[in-house]
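Here's the structure, in structure tokens; my notes come after.
Counting starts at 1 for both ligands and their atoms, in listed order. These values consider heavy atoms only, across backbone and side chains, with no hydrogens, waters or symmetry-generated copies.
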Amino acid sequence: MTAALDINVTKAEQSKLSNLNLENLPFGKFFTDHMLEADYEDGEWKSIEIKPYQPLLLDPSLSALHYGQSIFEGIKAYKDENGNPFIFRPYDNFKRFNTSAARMNMPEVPEEIFMEGMRKLIALDSKWIPAIKDHSLYIRPFMFATDPMLGVKPSGTYKFLIILSPSGPYYATPMKIAVEETYTRAAPGGVGFSKNAGNYGGSMLAATVAKEHGYDQVLWTDAFEHKWLQEVGMMNVFFKIDDIIITPSLEEGTILAGVTRSSAITGLEEMGFKVEERKISIDELVEAHKAGKLQEVFGTGTAATIAYIKELKYKDYIMEFDIAALKTATAIKNWLAAIREGKTADKYGWIYKI
Ligand SMILES: *Cc1c(COP(=O)(O)O)cnc(C)c1O
């Protein structure tokens, strides 16, 4: 697209906001007054609109529902202490969205639709951003295949949308995690590095089984040996062993390259920690625990930011962590919060002002 972006805006007649208390809302259940919608057809994006939040009318043969070309992103907007809205590192999500699109054989969304569309939408619904600690406006861009056709082939038409959900804290309580040994989330050559809908559909049974045993989520392991650690639910995972921080490396394409993971690595290194991105096995973890050297385990992701892990289970072996002693997890959580809250300088350019 070379022409300037033309977004047609239709405003809602009445805001739903007056009926809602923004404090302690559940994650992803309430939506703002407007959404962005764009359609891809004949090789180009057309009819880019911001309009009142509303249901979609879809053909039952819709390609995405049958064959799963469907991708998404998760980003957060906040208000600074003067009440000015900003988004945290959205450009990284934009780039990852198009990485997911390429893997799923879908068209890319141009920067001006994704970024400028998001900016305009949030500007319009900015009063929905909660100005409360640990609260935010969750931004959900997504795209799916819309050909009304049952033939198995890449769709020729797609829909891109952005919806916004004011949300309270997510995973607020420390988690119990079970190391997964039966099911697999991702294998080399697969789609694990993309944020495509099927990855989550495929993970739910393992999480349900874990819940039946009293665990909140699973820690995924590799497809061949169920030994090499990958990530947890919708979070990347970090271990602190003998004062060194270790997080599984991305090169096999089986792990989602989290933006929070990247922010955490930057922050931990700035704090003076040695951070290793490498393969790490459950055996190494258990050995470190037995030797008293496994100090912390925590998760990183946009929804939770930093999630404390208080228990990790592998077969019958239970590793427990004293939450009060999770010093590094707390330090990186505070480091990130200080940048978001404007208490420390945004020297990496992560704050995107609306
Ligand atoms: C989204 C997601 C993450 C976290 O990524 P962020 O960019 O930090 O939100 C980690 N793992 C999976 C599987 C995810 O879908």
What orientation do Tyr348 and Trp335 show, parallel under 30°, tilted 30 to 60°, or perpendicular over 60°?
-> tilted
Give the numbers and elements of all ligand 1 atoms closer than 4.0 Å to a heavy atom of Val259.
-> 6 (P), 7 (O), 8 (O)
side-chain contact (heavy atoms from CB on, under 4.5 Å), paired with Phe86, selected from Asp346, Ile122, Asp80 | Asp80
What residue and atom, counting heavy atoms only, is the protein's closest point to atom 8 (O) of ligand 1, and at what distance?
-> Thr260 OG1, 2.6 Å
Just jot down the ligand 1 atoms closer than 4.0 angstrom to any heavy atom of Gly233, in number order.
-> 12 (C), 13 (C)
Mind checking whether Tyr91 and Phe94 have parallel, tilted or perpendicular rings, split at 30° and 60°?
-> tilted
Report yes if the distance between the aromatic ring centroids of Phe273 and Phe238 is under 6.0 Å, otherwise no.
-> no
Atom 12 (C) of ligand 1 has as its nearest protein heavy atom Glu231 OE1, 3.3 Å
If you have a sec, work out which protein heavy atom is nearest atom 15 (O) of ligand 1 and how many Å separate them, to one decimal?
-> Tyr200 OH, 2.4 Å
Report yes or no: is the cationic atom of Lys16 (NZ for Lys, CZ for Arg) under 6.0 Å from the centre of the six-membered ring of Phe30, at an angle within 45° of the ring normal?
-> no
With a cut-off of 4.0 Å, which atoms of ligand 1 are near a heavy atom of Gly258?
-> 5 (O), 6 (P), 7 (O), 8 (O)
Check if Ala257 has a non-hydrogen atom at a distance under 4.0 Å from any atom of ligand 1.
-> no
What about Asn236: any of its N or O atoms under 3.5 Å from an N or O on ligand 1?
-> no
Below 4.0 angstrom from a heavy atom of Thr302, which ligand 1 atoms are there? Numbered from 1 as shown, please.
-> 6 (P), 7 (O), 8 (O), 9 (O)
Per-atom filter on ligand 1: closer than 4.0 angstrom to a heavy atom of Arg185 are 13 (C)
Check Ser61, Ser63, Pro154 against Asp147 for a side-chain contact (heavy atoms from CB on, under 4.5 Å) and give me the one that passes.
-> Ser63
Atoms in ligand 1 flagged as close to Gly301, the criterion being non-hydrogen separation under 4.0 Å = 4 (C), 8 (O), 9 (O)
Report, as yes or no, whether the 6.0 Å neighbourhood of atom CD on Gln14 holds more than 12 heavy atoms from other residues, nucleotides or ligands.
-> no
With distance as the sole criterion, is a donor-acceptor pair present between the side chains of Ser136 and Arg340 under 3.5 Å?
-> no
Strictly under 4.0 Å, does any heavy atom of Arg96 approach an atom of ligand 1?
-> yes
Out of Lys195, Met234, Gln230, whose heavy atom sits nearest atom 1 (C) of ligand 1?
-> Lys195
Is NZ or CZ of Lys176 both nearer than 6.0 Å to the six-membered ring centre of Tyr215 and within 45° of the ring axis?
-> yes
